[in-house]
K.L.:
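Below you'll find the structure I mean.
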Amino acid sequence: MSILYPLPASGILVTVQNRVRPLNDAPVRGAGRYVLYWMQANQRADSNHALAYAAQLANSVKAPLLCYQGLTHDYPHANDRLHTFILEGVAETERRLRRLGAGYVFYLRRRRSDPNDILYRLAAESAAVVTDDYPAFLAARHNRSVPPKLGMACLAVDSSCVVPMSLFEKREYAAYTIRPKITRLLPKYLKPLETVALRKKYRLPAPEFHTRVSAASIPKLVAGCDIDHSVPPSTAFRGGRVEAERRLQLFLAERLYRYASEKNQPTARAVSDLSPYLHFGQISALEVALAVKAYAAEHKLMAEEFLEELIVRRELAFNHARHAPTPGSLALLPEWARQNLDRHKDDRRSPSYGREPFAEARTHDRLWNATQTEMLRRGKIHGYYRMYWGKKIVEWSPSAEEAFDTMVEIHDRYALDGRDPNTYANVLWCFGLFDRPFAGRPVFGTIRYMSLEGMRRKTNVDGYVREMEGAA
Ligand SMILES: Cc1cc2nc3c(=O)[nH]c(=O)nc-3n(C[C@H](O)[C@H](O)[C@H](O)COP(=O)(O)OP(=O)(O)OC[C@H]3O[C@@H](n4cnc5c(N)ncnc54)[C@H](O)[C@@H]3O)c2cc1C
């Protein structure tokens, strides 16, 4: 049976099962001109539970729906790559929201002297604010700091995960502890989300602070922002909903059937490359899972390996972020892994690199440099090689703490899929999170080790290195 969530003031019941969380005690106001959906983590008009909930709320208070998306110059590591990817999604989001009858305001705050209170201005005229429940980086911070300052109800809705995060009340220990719970709940939650028809169209004119974005205007908009211009747009990924849908179709038609056997082989191009789009919420894990399941059933393919990564591994990371601070620290590791790091903290590291040689892809190891080159150029590293990338930073950093900081810093700055629950959980995986002890060795102790020889044995290292050196 679905659990119904009562709206604070009106008592109307809405079915967004286990996904809604009030962020303050204020009531839904009768006098608002609209319901405001503050789009933070889920930058899409399709398959978005927060948008659906906001639409239901708007209908129930007989008001239109206004969606607001902001992009500021001063979040940590704001740079051309991240700005461009986000801006590339704006025009299509606007088009699709308008088609639904909702309003859309986008505000690009370019520099410190630009107004910094747009959300509050828009909220002041609203009946209620709905936003995304997202457990990491900016949205997590905003959802703690903003709602107490609002005079109307503010509700966060989880549209990131297939199975709502709230159903896992404590931190899960590993994939094997969360998997049976997810498997049990999937029949209920792996279902398409129906669009809610808006009864009242949004007709107010665009406010003067609304920023118009078109494909042609993006380079100029980015150049005009007071951000880090030393990180260029990705050479491989263009942002936006249309591109996310194109990549999903490509994955279904040309890659899914090879995923289980070739996913660890970067040169085989068998992975989905959807993580940047999932990170910015330009596509939802629910839509991807449903499309993959349907395609696999129609073409008699096995999709389990892919769904394990997309749902079990990804939602394990979201569970971790929900119950532990992000980016976190080595203190979040299980007891065996912490004790292990402590036992090996004085082991000699050889070679030993500071942050710069890593960031600039200047180690002695051509494969490692190639993985970092992929990060610098494309803004993402292939999944299997990203494990090698992380394990070698553990091996060659002066301390475990410095290795952790280096990995987080590089991801936050360069990765299109960085600043994500997946980032912080997987960085900790390199130190033993969600894993088990292995045979002991210097520096690593009993945490899992990865060697260049192993990579050569299992994958086409030379092909990958050639490709990345060409890209550089
Ligand atoms: C050190 C390190 C750092 C990482 N940092 C990130 C990060 O910043 N952002 C990020 O999304 N992933 C991260 N990962 C996990 C994984 O490498 C990426 O999710 C994957 O490479 C994304 O590429 P894809 O979309 O082609 O993956 P596919 O293989 O096509 O998988 C589809 C989706 O499943 C999910 N997924 C796949 N592998 C994992 C995994 N190991 N854990 C959790 N979810 C997974 C992702 O959402 C991914 O997009 C990291 C892994 C390591 C070892």
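Heavy-atom basis, side chains included; hydrogens, waters and symmetry copies ignored. Note that the structure is predicted; figures quoted are calculated from it, not measured. One-based numbering along the sequence shown.
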K.L.:
Testing the basics here: between N319 and F168, what is the closest heavy-atom pair and its distance to 0.1 Å?
P.N.:
ND2-CB, 3.4 Å

K.L.:
Is it the case that the side chain of N24 and the backbone of P147 share a donor-acceptor pair, with hydrogens and angles ignored and the cut-off at 3.5 Å?
P.N.:
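Answer holds: yes.
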
K.L.:
Is there a salt bridge (Lys or Arg N to Asp or Glu O under 4.0 Å) between K391 and E395? Walk through the geometry before answering.
P.N.:
CA-CA 6 Å; K391 290 289 182 182; E395 187 175 346; over 6 Å; no

K.L.:
Kindly indicate whether the side chain of T423, heavy atoms from C-beta on, has any atom under 4.5 Å from the side chain of D417.
P.N.:
no

K.L.:
Mind telling me whether Y173 and Y176 have parallel, tilted or perpendicular rings, with 30° and 60° as the class edges?
P.N.:
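Geometry flag for Y173 against Y176: perpendicular rings.
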
K.L.:
Are the charged groups of R366 and E469 less than 4.0 angstrom apart, N to O?
P.N.:
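Salt bridge between R366 and E469, a charged N being under 4.0 Å from a carboxylate O: yes.
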
K.L.:
Are Y424 and F404 an aromatic pair by the rule of ring centers under 6.0 Å?
P.N.:
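No; F404 has its ring centre 6.0 Å or more from that of Y424.
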
K.L.:
Before you tell me yes or no, could you show the steps for K392 and D365 under salt bridge (Lys or Arg N to Asp or Glu O under 4.0 Å), namely the whole-Å CA-CA distance, both residues' side-chain angles and the distance that decides it to 0.1 Å?
P.N.:
CA-CA 10 Å; K392 291 301 165 192; D365 176 349; 6.0 Å; no

K.L.:
Return the orientation label for the F358 and W396 ring planes: parallel under 30°, perpendicular over 60°, tilted otherwise.
P.N.:
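Plane angle under 30°, so parallel.
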
K.L.:
Taking the side chain as every heavy atom from C-beta outward, state whether R44 and R96 have any pair of such atoms under 4.5 Å apart.
P.N.:
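SC-SC contact between R44 and R96 ruled out.
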
K.L.:
Could you check whether any side-chain heavy atom of S272 comes within less than 4.5 Å of a side-chain heavy atom of L248, counting everything from C-beta outward?
P.N.:
no

K.L.:
Looking only at atom types and distance, does a side-chain atom of R377 sit under 3.5 Å from a main-chain N or O of T235, one as donor and one as acceptor?
P.N.:
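Side chain of R377 to backbone of T235: no pair is present.
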
K.L.:
Looking at every heavy atom in both D114 and L108, which two are closest together, and how far apart are they?
P.N.:
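Minimum heavy-atom separation between D114 and L108: OD2-O, 4.4 Å.
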
K.L.:
For the residue pair N340 / T446, report whether a side-chain donor-acceptor contact shorter than 3.5 Å exists.
P.N.:
yes

K.L.:
Got a donor-acceptor contact below 3.5 angstrom from the R349 side chain to the V443 backbone?
P.N.:
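A pair under 3.5 Å: no.
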
K.L.:
Flag the pair E245 / E92 as yes when at least one side-chain heavy-atom distance between them is below 4.5 Å, and no otherwise.
P.N.:
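Sidechains of E92 and E245: no contact.
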
K.L.:
What is the minimum heavy-atom distance between L332 and A324, and which atoms define it?
P.N.:
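Reported closest heavy-atom pair: CD2-CB, 3.7 Å.
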
K.L.:
Salt-bridged, K380 to D273, with N to O below 4.0 Å?
P.N.:
yes

K.L.:
Are any of the side-chain nitrogens in E243 or R246 under 4.0 Å away from the carboxylate oxygens of its partner?
P.N.:
yes

K.L.:
Please determine, by modelled atom types, if R247 and Y277 share a side-chain donor-acceptor pair under 3.5 angstrom.
P.N.:
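Yes, because at least one side-chain N or O of R247 sits under 3.5 Å from a partner of the opposite role on Y277.
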
K.L.:
Identify the two heavy atoms, one from H320 and one from L428, that lie closest to each other, and give their separation to 0.1 Å.
P.N.:
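Nearest heavy atoms, H320 then L428: NE2-CD1, 3.7 Å.
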
K.L.:
Do the side chains of R269 and F251 get nearer than 4.5 Å, heavy atoms only?
P.N.:
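No; the side chains remain at least 4.5 Å from each other.
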
K.L.:
Checking the side chain of E315 only, and the main-chain atoms of V163 only, is there a donor and an acceptor separated by less than 3.5 Å?
P.N.:
yes

K.L.:
Could you check if a side-chain atom of I86 sits within less than 4.5 angstrom of a side-chain atom of Q69, using non-hydrogen atoms only?
P.N.:
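I86 vs Q69: side chains touch.
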
K.L.:
Between Y68 and I118 (side chain of the first, backbone of the second, donor and acceptor by atom type, cut-off under 3.5 Å), is there such a pair?
P.N.:
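Side chain of Y68 to backbone of I118: no pair is present.
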
K.L.:
Using a 4.5 Å cut-off on heavy atoms from C-beta on, say whether the side chain of E172 contacts that of K181.
P.N.:
yes

K.L.:
Does a donor on one side chain and an acceptor on the other come within less than 3.5 Å for D420 and H279?
P.N.:
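Note: D420 and H279 side chains meet the donor-acceptor criterion.
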
K.L.:
What heavy-atom pair brings P76 and F137 nearest, and what distance separates the two atoms?
P.N.:
O-CZ, 3.9 Å

K.L.:
Rounded at 0.5 Å granularity, tell me how far OG1 in T72 sits from CZ in R110.
P.N.:
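Output value for this atom pair is 11.5 Å.
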
K.L.:
Salt bridge or not for D158 and R21, using N-O below 4.0 Å?
P.N.:
no

K.L.:
Quick check: does any side chain N or O of N369 sit under 3.5 Å from a backbone N or O of T363, one acting as donor and the other as acceptor?
P.N.:
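Yes.
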
K.L.:
I'd like to know if R313 pairs up with E308 as an ion pair, taking the criterion as any Lys NZ or Arg NE/NH1/NH2 lying under 4.0 Å from an Asp or Glu carboxylate oxygen.
P.N.:
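Result for this pair is yes, salt bridge flagged.
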
K.L.:
Show the nearest heavy-atom pair for residues D412 and H77, with the distance to one decimal.
P.N.:
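So the minimum-distance heavy-atom pair works out to CB-CD2, 3.6 Å.
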
K.L.:
Return yes if a side-chain donor-acceptor contact under 3.5 Å exists between T406 and Y353, otherwise no.
P.N.:
no

K.L.:
Under 3.5 Å, side chain of Q265 to main-chain N/O of E262, donor-acceptor pair present?
P.N.:
no

K.L.:
Decide whether S399 and E402 meet the rule of one side-chain donor and one side-chain acceptor closer than 3.5 Å.
P.N.:
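No - no donor-acceptor pair under 3.5 Å links their side chains.
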
K.L.:
Would you say the rings of F444 and F438 are close, in the sense that their centroids are separated by under 6.0 Å?
P.N.:
no

K.L.:
Check whether any side-chain heavy atom of Y464 lies under 4.5 Å from a side-chain heavy atom of T459, and answer yes or no.
P.N.:
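In short, these two side chains do not touch, never coming nearer than 4.5 Å.
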
